[in-house]
Amino acid sequence: QVQLVESGGGLVQPGGSLRLSCASSGSNFVFRTMGWFRQAPGKPRELVASITRGDSTNYADFVKARFTISRDNAKNTVFLQMNSLRPEDTAVYYCNANVLGGAGWATVWGQGTQVTVSS
């Protein structure tokens, strides 16, 4: 089975930057659209950004050109460069992917990585 593992989260001050990575494990899988979601305490999970295999991107309004999503199809890895971070960006960030395997298409989630923006 495929597994997604996020990394790169941590504590940063407002205005700082973080680069999140989502690495996959497993073989014989095709990754279609991949993306990042986030969930703050007491709030629903929301889409941050997504990217297709052809590098077509989609961003949530709150990103406001501060974040950039990218991917490495050869390694089935997706990244999220986050700049000008704000306290309201504090959340658990989850990697997501649509994956094709022997059983067909499935949606796979990572375990999440904590991003905290605070002074």
Side-chain angles (χ1 to χ4, degrees):
Q1 293 188 341
V2 65
Q3 183 178 33
L4 302 178
V5 180
E6 303 96 334
S7 63
L11 174 64
V12 297
Q13 293 186 326
S17 298
L18 285 174
R19 181 175 174 83
L20 305 184
S21 298
C22 175
S24 66
S25 62
S27 61
N28 301 118
F29 296 101
V30 176
F31 288 72
R32 197 168 66 180
T33 300
M34 303 183 73
W36 290 93
F37 290 72
R38 72 184 188 185
Q39 187 168 24
K43 295 185 177 181
R45 188 173 299 184
E46 60 185 352
L47 173 69
V48 177
S50 64
I51 184 169
T52 68
R53 288 187 64 84
D55 292 334
S56 178
T57 58
N58 181 51
Y59 295 95
D61 290 340
F62 56 76
V63 171
K64 299 179 180 179
R66 298 180 297 122
F67 296 179
T68 302
I69 189 171
S70 60
R71 66 186 292 165
D72 183 342
N73 289 332
K75 296 183 177 295
N76 291 323
T77 302
V78 64
F79 308 93
L80 184 67
Q81 178 66 46
M82 305 187 295
N83 300 321
S84 301
L85 284 163
R86 307 165 180 171
E88 52 264 41
D89 293 320
T90 296
V92 177
Y93 284 70
Y94 296 92
C95 178
N96 169 271
N98 295 319
V99 182
L100 176 62
W105 290 100
T107 298
V108 182
W109 292 89
Q111 83 288 346
T113 184
Q114 177 70 47
V115 172
T116 302
V117 185
S118 176
S119 298

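- Of all non-hydrogen atoms in R19 and S70, the two that sit nearest each other are NH2-OG, 4.2 Å.
- Residues I69 and Y94 are members of separate hydrophobic clusters, defined by side-chain heavy-atom contacts under 4.5 angstrom among Ile, Leu, Val, Met, Phe, Trp and Tyr.
- Taking each heavy atom of F29 and V2 in turn, the nearest pair found is CZ-N, 3.4 Å.
- Within the 3.5 Å criterion, the main-chain N or O of N98 finds no donor-acceptor partner in the side chain of R32.
- Listed for the T116 side chain is no donor-acceptor partner under 3.5 Å among the backbone atoms of T90.
- Counting heavy atoms from C-beta on, the side chains of V115 and L20 come closer than 4.5 Å.
- Of the options Y93, F37, W36, a ring pair (Phe, Tyr, Trp, His ring centres under 6.0 Å) to W109 is made by F37 and by none of the others.
- Of all heavy-atom pairs between Q111 and V5, the closest is OE1-CA, 3.6 Å.
- Each of V63 and F79 belongs to its own hydrophobic cluster when Ile, Leu, Val, Met, Phe, Trp and Tyr are linked at side-chain heavy-atom distances under 4.5 angstrom.
- Listed here is the closest heavy atom pair of T52 and T33: CG2-OG1, 3.8 Å.
- At a threshold of 4.5 Å between non-hydrogen side-chain atoms, the residues M82 and D89 do not count as touching.
- With values rounded to the nearest 0.5 angstrom, R66 atom CZ is found 11.0 Å from T68 atom OG1.
- Looking only at distances, a side-chain donor or acceptor of E6 sits under 3.5 Å from a matching main-chain atom of C95.
- Counting heavy atoms from C-beta outward, S17 and V12 have side chains that stay 4.5 Å or more apart.
- Here the closest non-hydrogen pair linking L80 and A49 is CD1-CB, 4.4 Å.
- Hydrophobic clustering of Ile, Leu, Val, Met, Phe, Trp and Tyr side chains at less than 4.5 Å, counting indirect connections, unites Y59 with F62.
- Summarising the local packing, CG of D55 is surrounded by more than 12 heavy atoms from other residues, nucleotides or ligands at distances under 6.0 Å.
- Note that R71 lies outside the cation-pi zone of F31, set by a 6.0 Å cut-off to the ring centre and a 45° limit from the axis.
- There is a path of hydrophobic side-chain contacts, each under 4.5 Å, that joins V92 to L47.
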